[in-house]
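The figures here come from the full heavy-atom set of this structure, side chains too, leaving out hydrogens, waters and symmetry mates.
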Amino acid sequence: MSRRKKGEEEPTGPVIFGRVKSHLKMGIVGMPNVGKSSLFNIMTESDVRAENFAFCTIDPNVARVAVPDTRFDRLVEHYQPASIVPAALEVVDIAGLVQGAADNQGLGNAFLSNIGAVDGIYHMIRAFDDMQVSHVEGDVDPIRDLDIIANELRLKDIEILESYTAPIRRVARADPQYKNVMESLDKAAAHLESGLPIRVGNWTARDIEELNKVYLLTAKPAIYLVNLSTYDFQRQKNKWLSKVKNWIKENSPGSTMIPLSVSLEKYLYEASDEEQENYCNENNTRSMMKKVVQTGFRKLNLINFFTVGKDEVRSWVLRTGFTAPKAAGTIHGDFETHFIKAEVMGYDDFAEYGDEVSCKNAGKYRMEGKNYVVQDGDIVLFKHNAGGAGKKRK
């Protein structure tokens, strides 16, 4: 438990809900038969069952998908390396939730536990009519479905928080140092009881420090994917879009909404490159898969840094705010322990000046120490003495 002394300052800098690590996952969540597994198959080029009945998916399916990045493509083009390794986002296809999941309806507790294991949520919403695709609630109503899922996650969080808080409350009666802990936990409980998710609360750094120990479901960042028919997506009109947008504004402000069409994505996925280009040009449309993947990556507060050379160009994934030694540790744990310094040039400088030598001549190549916070797009050469003095890692 956090036991800050009276008058001690709150931590400074950005405060973020969730696990403090760089290996984070996005989970696809929603009602049964809204297109989750079909989207997962397209995103990850997998072959997961996607059939017209509830609970087709039971155990979560997990895959990694490359994160599109034009900076990485440019570095590969420049260095022509023997090996390339793009950044990847881990995506989990979680079985459909139904009303009563928090009370273990359907396979509720198991599914909610699967959501607890991911770090962000793609919330898939069905906004298309199709008599061939059944809906567990009988008809298509995205607002009702949004309310059901949001309520089930909130009710589960109330249960989780009550269980977590009970032993702390007993200790706090005898130990006043736990007063601040209980204030944060009680504040979160009242917030959930009011009907709101944790991610939209007005939290102090102290609150977030305590709540990050509980891993609440509604603290996870959410991206709302509105699954439209091909026709509606191409004309960018659907009777539910404005209603869903308003629901998000009221219930999850700050969250992103991405309209897409899984039926269109499936067609484009199965088509040749030439067929894709012709179809998109003729119909003034495009795939949303790059946007979905990139937005998920950013919602997890992740950035990329690059290591480059003729042997390999690699995009590494790092949590926002991590220092150079932590970045070195993503390559190898010994590099963090035995970190000396980092040689850094920003990607934008590299793109402007054309190569490493020109960046050096322009004063855009610098040496950074252990307190340097790695920035998105940094190209880094780490120096360390793991296994010997002055070793380098490109």
**Asked** For residues Arg199 and Ser252, is any side-chain donor paired with an opposing acceptor at under 3.5 Å?
**Response** yes
**Ion pair check, Arg298 and Asp376, cut-off under 4.0 Å** = yes
**Prompt:** What's the spacing between Leu155 CG and Leu192 CG if we round to 0.5 Å?
**Reply:** 9.5 Å
**Asked** Looking at Lys187 and Asp207, does any basic side-chain N land under 4.0 Å from a carboxylate oxygen?
**Response** yes
**Asked** Just by distance, do the side chain of Glu336 and the backbone of Lys326 share a donor-acceptor pair under 3.5 Å?
**Response** no
**Prompt:** What residues, two or more places apart in sequence or in another chain, satisfy salt bridge (charged side-chain N to carboxylate O under 4.0 Å, His left out) together with Asp232?
**Reply:** Arg235
**Message:** Looking at Lys237, I'd like to know if its NZ atom is crowded, meaning that more than 12 non-hydrogen atoms belonging to other residues, nucleotides or ligands lie closer than 6.0 Å.
**Reply:** no
**Prompt:** Does any N or O in the side chain of Asp119 come within less than 3.5 Å of the main-chain N or O of Lys25, such that one atom is a donor and the other an acceptor?
**Reply:** yes
**Prompt:** Is it the case that Thr320 and Asn301 place a side-chain donor and acceptor less than 3.5 Å from each other?
**Reply:** no
**Message:** Is it the case that over 12 heavy atoms from other parts of the model lie below 6.0 angstrom from the CG atom of Asn202?
**Reply:** no
**Request:** Ignoring hydrogens and angles, state whether a donor on the side chain of Thr256 or Thr295 is under 3.5 Å from an acceptor on the partner side chain.
**Result:** no
**Request:** For the residue pair Tyr79 and Arg74, confirm or rule out a side-chain donor-acceptor distance under 3.5 Å.
**Result:** no
**Request:** For residues Leu153 and Pro197, determine if any side-chain heavy atom of one lies less than 4.5 Å from a side-chain heavy atom of the other.
**Result:** no
**Message:** Is it the case that over 12 heavy atoms from other parts of the model lie below 6.0 angstrom from the NZ atom of Lys299?
**Reply:** yes
**Asked** Given Arg170 and Tyr178, is the side-chain hydrogen bond (donor to acceptor under 3.5 Å, both in side chains) satisfied, shown in steps?
**Response** CA-CA 10 Å; Arg170 289 193 293 270; Tyr178 282 84; over 6 Å; no
**Message:** Check this for me, if you would: do Arg71 and Asp348 make a salt bridge, where the nitrogen-to-carboxylate-oxygen distance has to be below 4.0 angstrom?
**Reply:** no
**Asked** Would you say Gln294's side chain and Pro68's backbone share a donor-acceptor pair under 3.5 angstrom?
**Response** yes
**Asked** Do Ile223 and Pro221 come within less than 4.5 Å of each other through their side chains, counting heavy atoms only?
**Response** no
**Request:** Kindly say whether the aromatic ring centers of Tyr224 and Tyr122 come within a distance under 6.0 Å.
**Result:** no
**Message:** Can you tell me which residue among Asn304, Thr307, Asp378 is in a side chain to side chain donor-acceptor pair (under 3.5 Å) with Trp316?
**Reply:** Thr307
**Prompt:** Quick one: are Thr323 and Lys370 in side-chain contact, heavy atoms under 4.5 Å?
**Reply:** no
**Request:** Apply salt bridge (charged side-chain N to carboxylate O under 4.0 Å, His left out) to Glu270 and Lys266, showing your working.
**Result:** CA-CA 6 Å; Glu270 294 174 348; Lys266 185 174 186 295; 2.9 Å; yes
**Asked** Do the side chains of Phe305 and Gln375 get nearer than 4.5 Å, heavy atoms only?
**Response** no
**Request:** Indicate yes or no: does Glu368 engage Lys341 in a salt bridge with an N to O separation below 4.0 Å.
**Result:** no
**Item:** Note: Lys156-Glu159 ion pair, threshold 4.0 Å (strictly below)
**Value:** yes
**Asked** Partners of Ser287 by side-chain hydrogen bond (donor to acceptor under 3.5 Å, both in side chains), sequence neighbours excluded?
**Response** Glu265
**Message:** Just so I know, are the side chains of Thr230 and Phe128 near enough to count as touching, which here means a heavy-atom distance under 4.5 Å?
**Reply:** no
**Request:** Answer yes if the side chains of Asp355 and Ser358 hold a donor-acceptor pair under 3.5 Å, and no otherwise.
**Result:** yes
**Polar contact flag, side-chain donor to acceptor under 3.5 angstrom, Asp147-Trp247** = yes
**Asked** Taking only residues two or more places apart in sequence or in another chain, which ones pass side-chain hydrogen bond (donor to acceptor under 3.5 Å, both in side chains) with Thr337?
**Response** none
**Prompt:** Can you check whether Arg169 reaches Asp186 side chain to side chain, under 4.5 Å on heavy atoms?
**Reply:** yes
**Request:** Check whether any side-chain heavy atom of Ile258 lies under 4.5 Å from a side-chain heavy atom of Val226, and answer yes or no.
**Result:** no
**Request:** Go through Asp69 and Tyr347 one step at a time and tell me if the side-chain contact (heavy atoms from CB on, under 4.5 Å) criterion holds.
**Result:** CA-CA 12 Å; Asp69 190 336; Tyr347 172 81; over 6 Å; no
**Prompt:** Any donor-acceptor pair under 3.5 Å linking the side chain of Gln236 with the backbone of Phe233?
**Reply:** yes
**Message:** With a 3.5 Å distance limit and no angle check, can you tell me whether Asn283 reaches the backbone of Thr285 through a side-chain donor-acceptor pair?
**Reply:** no
